[in-house]
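Here is the structure we will look at, set down as C-alpha coordinates.
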Amino acid sequence: MRFPSDTVNEPITYTLIKEYDVLINILNADITHGREGNLLIEMIGQKANVNEAVIYLESKQVEISPVVKTILFNESACLHCGACSSVCFPGALEIDLSSRKLEFSPDKCVACELCIKACPLQLFELNFGVN
Amino acid sequence: MSVQKSFQEINEKIKRGEAVVLTAEEVAEMGKNHSPAQVAEKVDVVTTATFGPMCSSGMLINTGHANPPIRMEKATLNGVPVFSGIAAVDLYIGATETHPENPAYGGAHIIEDLIAGKDVELVAHAKGTDCYPLKNIHTTINRENLNEMVMFNPRNAYQNYPVAVNTSKRIKYTYMGSLLPKLGNANYSTSGELSPLLNDPEMRTIGIGTRIFLGGTTGYVSWHGTQFKTEVELNEHGVPVSNAATLAVIGDASRMDPDFIQAAYYEKYGVSMFVGIGIPIPVLDEEMAARVMIRNEQITTRILDYGDPEHPELGRTDYQSLMSGEIELNQKRIKTASLSSLYKAREIAQILKAQIEDGSFLLSEPVEAFPKGKSLHSLDVRI
(Lines give C-alpha, C1' and ligand atoms only; values in the text may rest on other atoms or scores of the structure.)
Protein backbone atom coordinates (compact mmCIF):
# COMPACT_ATOMS: atom_id res chain seq x y z
CA MET A 1 0.00 0.00 0.00
CA ARG A 2 1.25 3.45 -0.86
CA PHE A 3 -0.09 6.27 1.32
CA PRO A 4 -0.27 9.85 0.12
CA SER A 5 1.39 12.33 2.49
CA ASP A 6 -1.93 13.57 3.99
CA THR A 7 -3.03 10.08 5.14
CA VAL A 8 0.28 9.02 6.61
CA ASN A 9 -0.76 10.19 10.05
CA GLU A 10 -4.08 8.30 10.03
CA PRO A 11 -4.26 4.99 11.95
CA ILE A 12 -5.23 3.02 8.85
CA THR A 13 -4.04 -0.39 10.09
CA TYR A 14 -6.04 0.07 13.30
CA THR A 15 -9.17 0.90 11.30
CA LEU A 16 -8.70 -2.13 9.05
CA ILE A 17 -8.52 -4.45 12.05
CA LYS A 18 -11.18 -2.78 14.18
CA GLU A 19 -13.79 -1.91 11.54
CA TYR A 20 -13.28 -4.61 8.91
CA ASP A 21 -12.25 -7.54 11.12
CA VAL A 22 -9.29 -8.58 8.98
CA LEU A 23 -6.04 -10.16 10.18
CA ILE A 24 -3.09 -7.92 9.38
CA ASN A 25 0.49 -9.14 9.24
CA ILE A 26 2.94 -6.31 8.60
CA LEU A 27 5.87 -7.57 6.53
CA ASN A 28 7.58 -4.31 5.75
CA ALA A 29 6.90 -0.69 6.63
CA ASP A 30 8.48 2.54 5.50
CA ILE A 31 6.48 5.45 6.86
CA THR A 32 7.66 8.94 7.65
CA HIS A 33 5.26 11.51 9.11
CA GLY A 34 4.32 14.20 6.66
CA ARG A 35 5.73 12.27 3.68
CA GLU A 36 4.58 9.41 1.48
CA GLY A 37 4.58 5.96 3.10
CA ASN A 38 4.78 2.34 1.95
CA LEU A 39 3.40 -0.62 3.84
CA LEU A 40 3.65 -4.26 2.84
CA ILE A 41 0.96 -6.31 4.57
CA GLU A 42 -0.66 -9.68 4.44
CA MET A 43 -4.45 -9.29 4.88
CA ILE A 44 -6.55 -12.31 5.79
CA GLY A 45 -10.33 -12.22 6.36
CA GLN A 46 -13.75 -13.05 4.98
CA LYS A 47 -14.08 -12.08 1.35
CA ALA A 48 -16.77 -9.43 1.97
CA ASN A 49 -14.72 -7.84 4.74
CA VAL A 50 -11.57 -7.76 2.62
CA ASN A 51 -13.49 -6.19 -0.27
CA GLU A 52 -14.94 -3.51 1.99
CA ALA A 53 -11.50 -2.90 3.48
CA VAL A 54 -10.17 -2.31 -0.03
CA ILE A 55 -12.99 0.15 -0.78
CA TYR A 56 -12.13 1.98 2.46
CA LEU A 57 -8.44 2.13 1.52
CA GLU A 58 -9.29 3.49 -1.94
CA SER A 59 -11.49 6.15 -0.35
CA LYS A 60 -8.39 7.28 1.54
CA GLN A 61 -6.41 7.54 -1.74
CA VAL A 62 -4.22 4.62 -0.68
CA GLU A 63 -2.73 2.93 -3.73
CA ILE A 64 -2.97 -0.85 -3.51
CA SER A 65 -0.75 -3.25 -5.45
CA PRO A 66 -1.49 -6.91 -4.76
CA VAL A 67 1.74 -8.90 -4.42
CA VAL A 68 2.57 -12.57 -4.37
CA LYS A 69 5.17 -13.98 -2.06
CA THR A 70 7.44 -16.50 -3.74
CA ILE A 71 10.68 -18.20 -2.82
CA LEU A 72 13.69 -17.70 -5.07
CA PHE A 73 16.14 -20.60 -5.13
CA ASN A 74 19.70 -20.34 -6.40
CA GLU A 75 19.59 -23.93 -7.64
CA SER A 76 22.95 -24.04 -9.43
CA ALA A 77 24.88 -23.62 -6.15
CA CYS A 78 22.94 -26.37 -4.33
CA LEU A 79 24.95 -29.18 -2.71
CA HIS A 80 21.90 -31.48 -2.48
CA CYS A 81 22.30 -32.06 1.26
CA GLY A 82 18.59 -31.98 2.05
CA ALA A 83 18.55 -29.71 5.11
CA CYS A 84 15.73 -27.68 3.50
CA SER A 85 13.65 -30.73 2.61
CA SER A 86 13.21 -31.72 6.25
CA VAL A 87 11.35 -28.49 7.05
CA CYS A 88 9.33 -28.33 3.79
CA PHE A 89 5.89 -29.75 4.53
CA PRO A 90 4.09 -28.97 1.29
CA GLY A 91 6.75 -31.15 -0.39
CA ALA A 92 8.07 -28.41 -2.67
CA LEU A 93 11.65 -29.36 -1.75
CA GLU A 94 12.33 -33.08 -1.91
CA ILE A 95 15.38 -35.26 -2.33
CA ASP A 96 14.86 -37.68 -5.21
CA LEU A 97 15.26 -41.11 -3.65
CA SER A 98 17.27 -42.53 -6.50
CA SER A 99 19.45 -39.64 -7.78
CA ARG A 100 19.66 -38.05 -4.27
CA LYS A 101 19.37 -34.64 -5.96
CA LEU A 102 17.18 -31.91 -4.54
CA GLU A 103 14.07 -31.25 -6.63
CA PHE A 104 12.25 -27.91 -6.26
CA SER A 105 8.59 -27.72 -7.33
CA PRO A 106 7.65 -24.01 -7.03
CA ASP A 107 3.95 -24.81 -7.63
CA LYS A 108 3.81 -26.68 -4.29
CA CYS A 109 5.58 -23.89 -2.35
CA VAL A 110 3.45 -21.94 0.14
CA ALA A 111 6.29 -19.52 0.96
CA CYS A 112 6.36 -20.50 4.66
CA GLU A 113 10.01 -19.39 4.63
CA LEU A 114 11.38 -22.22 6.81
CA CYS A 115 13.84 -23.21 4.05
CA ILE A 116 15.44 -19.75 4.16
CA LYS A 117 16.89 -20.44 7.61
CA ALA A 118 17.41 -24.17 7.07
CA CYS A 119 19.72 -23.86 4.03
CA PRO A 120 23.38 -23.80 5.16
CA LEU A 121 24.36 -21.99 1.95
CA GLN A 122 21.58 -19.35 2.14
CA LEU A 123 20.34 -20.23 -1.33
CA PHE A 124 16.71 -19.24 -0.71
CA GLU A 125 15.27 -15.75 -0.54
CA LEU A 126 11.83 -14.27 -0.31
CA ASN A 127 10.55 -12.45 -3.34
CA PHE A 128 7.59 -10.06 -3.40
CA GLY A 129 6.42 -9.86 -6.97
CA VAL A 130 3.46 -7.80 -8.14
CA ASN A 131 0.59 -10.10 -9.04
CA MET B 1 42.34 -71.67 -0.02
CA SER B 2 40.90 -68.32 0.97
CA VAL B 3 41.99 -65.14 -0.84
CA GLN B 4 44.80 -63.08 0.70
CA LYS B 5 46.01 -59.89 -1.01
CA SER B 6 48.60 -57.39 0.19
CA PHE B 7 48.60 -53.62 -0.45
CA GLN B 8 51.61 -54.19 -2.72
CA GLU B 9 49.84 -56.83 -4.79
CA ILE B 10 46.78 -54.61 -5.19
CA ASN B 11 48.97 -51.63 -6.18
CA GLU B 12 50.72 -53.80 -8.82
CA LYS B 13 47.29 -54.65 -10.25
CA ILE B 14 46.36 -50.94 -10.24
CA LYS B 15 49.58 -50.08 -12.13
CA ARG B 16 48.82 -52.80 -14.69
CA GLY B 17 45.30 -51.40 -15.08
CA GLU B 18 43.83 -54.72 -13.91
CA ALA B 19 42.41 -53.81 -10.51
CA VAL B 20 38.68 -54.25 -10.05
CA VAL B 21 37.32 -51.19 -8.27
CA LEU B 22 33.75 -50.72 -7.04
CA THR B 23 32.15 -48.04 -4.92
CA ALA B 24 30.88 -49.09 -1.50
CA GLU B 25 27.29 -48.80 -2.77
CA GLU B 26 28.07 -51.01 -5.75
CA VAL B 27 29.69 -53.66 -3.54
CA ALA B 28 26.76 -53.50 -1.09
CA GLU B 29 24.46 -54.30 -4.01
CA MET B 30 26.78 -57.08 -5.21
CA GLY B 31 26.79 -58.51 -1.68
CA LYS B 32 23.09 -59.33 -1.98
CA ASN B 33 23.91 -62.32 -4.18
CA HIS B 34 27.63 -62.91 -3.59
CA SER B 35 29.41 -64.39 -0.57
CA PRO B 36 32.33 -62.58 1.11
CA ALA B 37 34.65 -65.18 -0.45
CA GLN B 38 33.32 -64.41 -3.93
CA VAL B 39 33.60 -60.64 -3.35
CA ALA B 40 37.19 -61.04 -2.07
CA GLU B 41 37.98 -63.06 -5.20
CA LYS B 42 36.48 -60.55 -7.64
CA VAL B 43 37.00 -57.08 -6.09
CA ASP B 44 40.31 -55.43 -5.23
CA VAL B 45 39.39 -51.95 -4.03
CA VAL B 46 36.22 -50.34 -2.70
CA THR B 47 35.87 -46.55 -2.74
CA THR B 48 34.03 -44.84 0.11
CA ALA B 49 33.16 -41.16 0.51
CA THR B 50 31.44 -38.52 2.55
CA PHE B 51 30.56 -34.87 1.94
CA GLY B 52 29.20 -33.21 5.04
CA PRO B 53 29.59 -30.25 7.37
CA MET B 54 32.70 -30.89 9.49
CA CYS B 55 33.23 -28.13 12.04
CA SER B 56 36.63 -29.28 13.27
CA SER B 57 38.48 -28.12 10.17
CA GLY B 58 40.89 -25.38 9.26
CA MET B 59 43.80 -24.21 7.17
CA LEU B 60 47.36 -23.28 8.03
CA ILE B 61 48.91 -20.57 5.87
CA ASN B 62 52.31 -18.93 5.72
CA THR B 63 52.11 -15.40 4.33
CA GLY B 64 55.80 -14.79 3.70
CA HIS B 65 57.70 -11.92 5.35
CA ALA B 66 57.21 -8.24 4.66
CA ASN B 67 60.15 -5.85 4.57
CA PRO B 68 60.67 -4.79 7.33
CA PRO B 69 59.19 -7.94 8.89
CA ILE B 70 56.33 -8.25 11.36
CA ARG B 71 55.71 -10.87 14.07
CA MET B 72 51.90 -11.01 13.74
CA GLU B 73 50.28 -11.10 17.17
CA LYS B 74 46.69 -10.26 16.25
CA ALA B 75 45.48 -10.93 12.75
CA THR B 76 42.22 -10.93 10.79
CA LEU B 77 41.35 -12.08 7.27
CA ASN B 78 38.37 -10.19 5.77
CA GLY B 79 37.68 -9.18 9.38
CA VAL B 80 37.59 -12.76 10.71
CA PRO B 81 40.09 -13.38 13.55
CA VAL B 82 42.69 -16.05 12.80
CA PHE B 83 45.10 -17.78 15.18
CA SER B 84 48.48 -16.08 15.09
CA GLY B 85 50.09 -17.59 18.19
CA ILE B 86 52.59 -19.60 16.15
CA ALA B 87 55.80 -17.92 15.03
CA ALA B 88 55.74 -14.73 12.98
CA VAL B 89 53.76 -15.28 9.78
CA ASP B 90 52.10 -18.68 10.23
CA LEU B 91 48.33 -18.29 10.64
CA TYR B 92 45.70 -20.94 11.31
CA ILE B 93 42.23 -20.18 9.94
CA GLY B 94 39.69 -22.05 12.04
CA ALA B 95 36.64 -22.97 9.95
CA THR B 96 34.12 -22.01 12.67
CA GLU B 97 35.68 -18.69 13.67
CA THR B 98 33.18 -15.91 12.91
CA HIS B 99 33.28 -12.29 11.89
CA PRO B 100 32.53 -10.20 15.01
CA GLU B 101 29.77 -8.26 13.22
CA ASN B 102 28.44 -10.92 10.85
CA PRO B 103 27.75 -14.27 12.51
CA ALA B 104 26.98 -15.90 9.14
CA TYR B 105 30.50 -15.22 7.80
CA GLY B 106 33.63 -16.90 9.09
CA GLY B 107 36.79 -18.90 8.66
CA ALA B 108 35.20 -21.42 6.30
CA HIS B 109 34.33 -18.60 3.90
CA ILE B 110 37.96 -17.38 3.96
CA ILE B 111 39.18 -20.93 3.28
CA GLU B 112 36.72 -21.28 0.40
CA ASP B 113 37.80 -17.91 -1.06
CA LEU B 114 41.53 -18.74 -0.83
CA ILE B 115 40.95 -22.12 -2.51
CA ALA B 116 38.94 -20.35 -5.24
CA GLY B 117 41.92 -18.04 -5.86
CA LYS B 118 40.24 -14.88 -4.56
CA ASP B 119 42.01 -12.01 -2.79
CA VAL B 120 41.54 -11.85 0.99
CA GLU B 121 42.30 -8.77 3.11
CA LEU B 122 44.94 -9.31 5.81
CA VAL B 123 45.19 -6.93 8.78
CA ALA B 124 47.75 -7.70 11.51
CA HIS B 125 49.19 -5.95 14.53
CA ALA B 126 52.27 -6.53 16.68
CA LYS B 127 54.15 -4.80 19.48
CA GLY B 128 57.31 -4.59 17.34
CA THR B 129 60.59 -6.17 18.36
CA ASP B 130 64.25 -5.58 17.50
CA CYS B 131 64.11 -8.41 14.98
CA TYR B 132 60.51 -7.80 13.78
CA PRO B 133 60.13 -3.99 13.90
CA LEU B 134 56.88 -3.61 11.89
CA LYS B 135 53.81 -2.99 14.09
CA ASN B 136 50.93 -2.90 11.60
CA ILE B 137 50.26 -4.41 8.23
CA HIS B 138 47.31 -4.09 5.85
CA THR B 139 47.45 -5.95 2.54
CA THR B 140 45.80 -8.66 0.47
CA ILE B 141 46.78 -12.31 0.16
CA ASN B 142 45.74 -15.01 -2.28
CA ARG B 143 46.65 -18.53 -3.41
CA GLU B 144 49.41 -17.24 -5.68
CA ASN B 145 51.34 -15.21 -3.10
CA LEU B 146 51.11 -17.51 -0.06
CA ASN B 147 54.01 -19.85 0.68
CA GLU B 148 51.80 -22.62 2.04
CA MET B 149 48.10 -23.41 2.23
CA VAL B 150 47.78 -26.60 4.21
CA MET B 151 44.37 -27.89 5.18
CA PHE B 152 44.60 -29.61 8.54
CA ASN B 153 41.32 -30.83 9.97
CA PRO B 154 41.56 -32.24 13.51
CA ARG B 155 38.26 -34.15 13.43
CA ASN B 156 36.54 -35.28 10.24
CA ALA B 157 34.59 -38.23 8.85
CA TYR B 158 32.82 -39.38 12.01
CA GLN B 159 32.17 -43.11 12.11
CA ASN B 160 28.38 -42.91 12.42
CA TYR B 161 26.46 -40.05 14.05
CA PRO B 162 23.16 -39.93 15.94
CA VAL B 163 19.92 -38.65 14.42
CA ALA B 164 18.64 -35.37 15.89
CA VAL B 165 14.99 -34.74 16.77
CA ASN B 166 13.21 -32.20 18.99
CA THR B 167 10.38 -33.04 21.40
CA SER B 168 10.17 -29.51 22.85
CA LYS B 169 7.52 -26.97 21.91
CA ARG B 170 9.89 -24.61 20.11
CA ILE B 171 11.94 -24.87 16.94
CA LYS B 172 15.61 -25.57 17.73
CA TYR B 173 18.32 -24.22 15.46
CA THR B 174 21.29 -26.55 15.90
CA TYR B 175 24.41 -27.85 14.15
CA MET B 176 22.05 -30.65 13.11
CA GLY B 177 19.95 -28.10 11.25
CA SER B 178 16.47 -26.70 11.97
CA LEU B 179 14.66 -29.13 14.27
CA LEU B 180 10.92 -28.58 14.25
CA PRO B 181 8.97 -28.83 17.53
CA LYS B 182 7.13 -31.94 18.73
CA LEU B 183 9.10 -34.40 16.58
CA GLY B 184 8.38 -32.42 13.42
CA ASN B 185 11.41 -33.79 11.59
CA ALA B 186 14.56 -35.89 12.03
CA ASN B 187 17.99 -34.90 10.69
CA TYR B 188 20.96 -37.22 10.21
CA SER B 189 24.43 -36.76 8.79
CA THR B 190 26.38 -39.59 7.20
CA SER B 191 26.56 -41.28 3.84
CA GLY B 192 25.57 -44.65 5.39
CA GLU B 193 26.93 -47.67 3.49
CA LEU B 194 29.15 -45.29 1.48
CA SER B 195 30.75 -43.77 4.59
CA PRO B 196 34.51 -44.48 4.99
CA LEU B 197 34.78 -45.66 8.60
CA LEU B 198 31.58 -47.73 8.42
CA ASN B 199 33.22 -49.85 5.71
CA ASP B 200 36.31 -50.59 7.81
CA PRO B 201 34.91 -50.36 11.34
CA GLU B 202 38.01 -51.88 12.96
CA MET B 203 40.29 -49.66 10.88
CA ARG B 204 42.42 -52.51 9.57
CA THR B 205 43.29 -50.59 6.39
CA ILE B 206 42.85 -46.96 7.51
CA GLY B 207 45.53 -45.48 9.78
CA ILE B 208 48.29 -42.89 9.91
CA GLY B 209 49.53 -42.21 6.40
CA THR B 210 46.52 -43.49 4.47
CA ARG B 211 46.31 -41.66 1.13
CA ILE B 212 42.84 -40.19 0.58
CA PHE B 213 40.80 -37.85 -1.61
CA LEU B 214 40.53 -34.56 0.29
CA GLY B 215 38.71 -31.51 -1.05
CA GLY B 216 39.37 -32.37 -4.68
CA THR B 217 43.01 -33.38 -4.41
CA THR B 218 45.16 -36.03 -2.72
CA GLY B 219 45.46 -35.80 1.04
CA TYR B 220 46.46 -38.03 3.91
CA VAL B 221 45.16 -39.29 7.21
CA SER B 222 47.58 -37.60 9.61
CA TRP B 223 46.42 -39.02 12.95
CA HIS B 224 43.33 -40.36 14.61
CA GLY B 225 40.82 -37.53 14.93
CA THR B 226 40.07 -35.75 18.18
CA GLN B 227 37.30 -37.31 20.30
CA PHE B 228 38.29 -40.67 18.76
CA LYS B 229 36.76 -43.54 20.67
CA THR B 230 36.70 -47.26 20.14
CA GLU B 231 35.06 -48.38 23.39
CA VAL B 232 31.56 -48.19 21.96
CA GLU B 233 28.55 -50.43 21.57
CA LEU B 234 28.53 -52.41 18.32
CA ASN B 235 25.47 -53.85 16.61
CA GLU B 236 25.21 -57.46 15.37
CA HIS B 237 27.05 -56.46 12.16
CA GLY B 238 30.02 -55.11 14.08
CA VAL B 239 29.44 -51.40 13.42
CA PRO B 240 29.20 -48.77 16.19
CA VAL B 241 25.64 -47.66 16.91
CA SER B 242 26.75 -44.09 17.58
CA ASN B 243 29.59 -41.63 16.95
CA ALA B 244 32.89 -43.45 17.47
CA ALA B 245 36.14 -43.16 15.47
CA THR B 246 37.20 -39.94 13.71
CA LEU B 247 40.05 -38.90 11.40
CA ALA B 248 42.54 -36.03 11.41
CA VAL B 249 43.37 -35.28 7.78
CA ILE B 250 45.88 -33.10 5.99
CA GLY B 251 46.31 -31.94 2.41
CA ASP B 252 47.60 -29.24 0.08
CA ALA B 253 44.74 -26.73 -0.05
CA SER B 254 46.37 -24.77 -2.89
CA ARG B 255 45.44 -27.73 -5.11
CA MET B 256 41.92 -28.17 -3.77
CA ASP B 257 38.71 -27.51 -5.65
CA PRO B 258 35.97 -25.23 -4.25
CA ASP B 259 33.45 -27.83 -5.50
CA PHE B 260 34.57 -30.08 -2.64
CA ILE B 261 35.16 -27.52 0.13
CA GLN B 262 32.18 -25.28 0.84
CA ALA B 263 31.48 -22.83 3.65
CA ALA B 264 28.19 -23.27 5.47
CA TYR B 265 26.14 -21.35 8.04
CA TYR B 266 23.63 -22.97 10.36
CA GLU B 267 21.02 -20.54 11.67
CA LYS B 268 21.73 -19.42 15.25
CA TYR B 269 24.56 -21.99 15.52
CA GLY B 270 27.30 -20.60 13.36
CA VAL B 271 29.75 -21.27 10.57
CA SER B 272 30.87 -24.73 9.51
CA MET B 273 32.48 -26.23 6.42
CA PHE B 274 31.44 -28.98 4.03
CA VAL B 275 34.46 -31.21 3.44
CA GLY B 276 34.64 -33.84 0.71
CA ILE B 277 36.57 -36.96 1.69
CA GLY B 278 37.05 -40.20 -0.22
CA ILE B 279 38.92 -43.24 1.10
CA PRO B 280 39.85 -46.36 -0.84
CA ILE B 281 39.63 -49.65 1.04
CA PRO B 282 41.62 -52.63 -0.22
CA VAL B 283 39.76 -55.93 -0.13
CA LEU B 284 42.65 -57.83 1.48
CA ASP B 285 40.69 -60.95 2.37
CA GLU B 286 37.27 -62.43 3.02
CA GLU B 287 36.90 -60.57 6.29
CA MET B 288 37.46 -57.16 4.63
CA ALA B 289 35.04 -58.21 1.89
CA ALA B 290 32.37 -58.91 4.52
CA ARG B 291 32.98 -55.43 5.99
CA VAL B 292 32.70 -53.47 2.74
CA MET B 293 29.53 -55.38 1.78
CA ILE B 294 27.64 -53.68 4.65
CA ARG B 295 24.24 -52.32 3.63
CA ASN B 296 22.25 -49.35 4.92
CA GLU B 297 19.71 -51.58 6.70
CA GLN B 298 22.59 -53.16 8.68
CA ILE B 299 23.85 -49.84 10.07
CA THR B 300 22.09 -48.79 13.25
CA THR B 301 22.12 -45.33 14.76
CA ARG B 302 20.62 -43.69 17.84
CA ILE B 303 17.91 -41.02 17.80
CA LEU B 304 18.67 -38.21 20.25
CA ASP B 305 16.35 -35.49 21.55
CA TYR B 306 17.93 -32.06 21.04
CA GLY B 307 14.87 -30.54 22.72
CA ASP B 308 16.43 -31.62 26.02
CA PRO B 309 19.91 -30.27 26.90
CA GLU B 310 20.99 -33.77 27.99
CA HIS B 311 20.16 -35.18 24.52
CA PRO B 312 18.51 -38.38 25.81
CA GLU B 313 18.16 -41.36 23.46
CA LEU B 314 14.57 -41.83 22.24
CA GLY B 315 15.09 -44.86 20.04
CA ARG B 316 17.14 -46.40 17.26
CA THR B 317 16.84 -46.66 13.53
CA ASP B 318 18.92 -47.65 10.49
CA TYR B 319 20.11 -45.83 7.37
CA GLN B 320 17.75 -47.62 4.98
CA SER B 321 14.82 -46.15 6.95
CA LEU B 322 16.48 -42.73 7.27
CA MET B 323 17.20 -42.55 3.55
CA SER B 324 13.62 -43.56 2.68
CA GLY B 325 12.48 -40.09 3.81
CA GLU B 326 10.53 -41.20 6.90
CA ILE B 327 11.12 -43.03 10.17
CA GLU B 328 8.71 -44.13 12.86
CA LEU B 329 9.18 -43.00 16.44
CA ASN B 330 6.63 -43.07 19.27
CA GLN B 331 3.97 -44.31 16.80
CA LYS B 332 4.54 -41.23 14.69
CA ARG B 333 5.85 -41.00 11.13
CA ILE B 334 8.64 -38.42 11.06
CA LYS B 335 10.10 -36.81 7.95
CA THR B 336 13.87 -37.34 7.66
CA ALA B 337 16.57 -35.41 5.89
CA SER B 338 20.32 -35.50 5.66
CA LEU B 339 22.75 -32.69 6.38
CA SER B 340 25.51 -34.37 4.43
CA SER B 341 25.11 -34.71 0.68
CA LEU B 342 24.90 -38.28 -0.59
CA TYR B 343 24.81 -36.87 -4.12
CA LYS B 344 28.24 -35.26 -3.67
CA ALA B 345 29.61 -38.28 -1.75
CA ARG B 346 28.68 -40.50 -4.72
CA GLU B 347 30.45 -38.06 -7.05
CA ILE B 348 33.63 -38.35 -4.91
CA ALA B 349 33.44 -42.18 -4.76
CA GLN B 350 33.17 -42.26 -8.57
CA ILE B 351 36.10 -39.83 -9.05
CA LEU B 352 38.29 -41.91 -6.73
CA LYS B 353 37.23 -45.10 -8.50
CA ALA B 354 38.20 -43.59 -11.88
CA GLN B 355 41.57 -42.41 -10.51
CA ILE B 356 42.39 -45.89 -9.20
CA GLU B 357 41.24 -47.52 -12.44
CA ASP B 358 43.46 -45.27 -14.53
CA GLY B 359 46.44 -45.86 -12.22
CA SER B 360 46.78 -42.26 -11.00
CA PHE B 361 45.90 -43.08 -7.37
CA LEU B 362 47.77 -45.83 -5.51
CA LEU B 363 46.85 -47.16 -2.08
CA SER B 364 49.13 -46.60 0.89
CA GLU B 365 49.45 -48.99 3.79
CA PRO B 366 49.11 -47.24 7.15
CA VAL B 367 52.47 -46.33 8.71
CA GLU B 368 50.91 -46.98 12.09
CA ALA B 369 47.55 -48.27 13.28
CA PHE B 370 45.15 -46.18 15.35
CA PRO B 371 45.01 -46.68 19.13
CA LYS B 372 42.79 -49.41 20.56
CA GLY B 373 40.69 -49.33 23.71
CA LYS B 374 40.18 -45.57 23.62
CA SER B 375 37.32 -43.95 25.52
CA LEU B 376 36.57 -40.27 26.18
CA HIS B 377 36.96 -38.02 29.20
CA SER B 378 34.40 -35.40 30.01
CA LEU B 379 35.40 -32.01 31.40
CA ASP B 380 35.12 -31.63 35.18
CA VAL B 381 34.20 -28.13 36.26
CA ARG B 382 36.36 -27.67 39.37
CA ILE B 383 36.40 -23.95 40.03
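Chain identifiers are assigned alphabetically (A, B, ...) following the order of the sequence lines, protein sequences preceding nucleic acid strands; residue numbering begins at 1 within each chain. Bear in mind the structure is a predicted one, so any value in this text is a computation, not a measurement.
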Toward chain A, the part of [X] with a non-hydrogen atom under 4.5 Å:
{"X": "Tyr173(B)", "value": "side chain"}
{"X": "Ala345(B)", "value": "neither"}
{"X": "Tyr188(B)", "value": "side chain"}
{"X": "Leu179(B)", "value": "neither"}
{"X": "Ser272(B)", "value": "neither"}
{"X": "Leu180(B)", "value": "side chain"}

Assess whether a salt bridge exists between Glu347(B) and Arg100(A), defined as any Lys/Arg side-chain N lying under 4.0 Å from an Asp/Glu carboxylate O.
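Salt bridge: no.
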How close do [X] and [Y] get, heavy atom to heavy atom, and via which atoms?
{"X": "Gly184(B)", "Y": "Phe89(A)", "value": "O-CZ, 3.1 Å"}
{"X": "Tyr343(B)", "Y": "Ser99(A)", "value": "CD1-O, 3.5 Å"}
{"X": "Ser86(A)", "Y": "Lys335(B)", "value": "O-CD, 4.3 Å"}

Do [X] and [Y] come within less than 4.5 Å of each other through their side chains, counting heavy atoms only?
{"X": "Glu267(B)", "Y": "Gln122(A)", "result": "no"}
{"X": "Phe274(B)", "Y": "Leu121(A)", "result": "yes"}
{"X": "Cys81(A)", "Y": "Leu339(B)", "result": "no"}
{"X": "Pro120(A)", "Y": "Tyr266(B)", "result": "yes"}
{"X": "Ile171(B)", "Y": "Leu114(A)", "result": "yes"}

Lys268(B) backbone acceptor or donor facing Lys117(A) side chain under 3.5 Å
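Flag not set: sc Lys117(A) to bb Lys268(B) has no pair under 3.5 Å.
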Sub-3.5 Å donor-acceptor pair from the side chain of Ser338(B) to the main-chain atoms of Gly82(A), do we have one?
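Flag not set: sc Ser338(B) to bb Gly82(A) has no pair under 3.5 Å.
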Identify which part of Leu97(A) has an atom lying under 4.5 Å from any heavy atom of chain B, answering side chain, backbone, both or neither.
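Contact with chain B: side chain only.
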Under 4.5 Å from any heavy atom of chain B, what part of Cys84(A) do you find: side chain, backbone, both or neither?
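For Cys84(A), no heavy atom lies under 4.5 Å from chain B.
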Would you compute the distance between atom OG of Ser341(B) and atom CD1 of Ile95(A) and round it to the nearest 0.5 angstrom?
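The CD1 atom of Ile95(A) is 7.0 Å from OG of Ser341(B), to the nearest 0.5 Å.
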Would you say that more than 12 heavy atoms from the other residues, nucleotides or ligands in this model lie under 6.0 Å from the NZ of Lys332(B), or not?
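Yes, the 6.0 Å shell around NZ holds more than 12 heavy atoms from other groups.
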More than 12 foreign heavy atoms under 6.0 Å from CZ of Arg170(B): is that the case here?
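12 or below, so no.
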Relative to chain A, which of Ala264(B), Pro53(B), Ser189(B) shows the most heavy atom pairs under 4.5 Å?
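The option with the most such pairs is Ala264(B).
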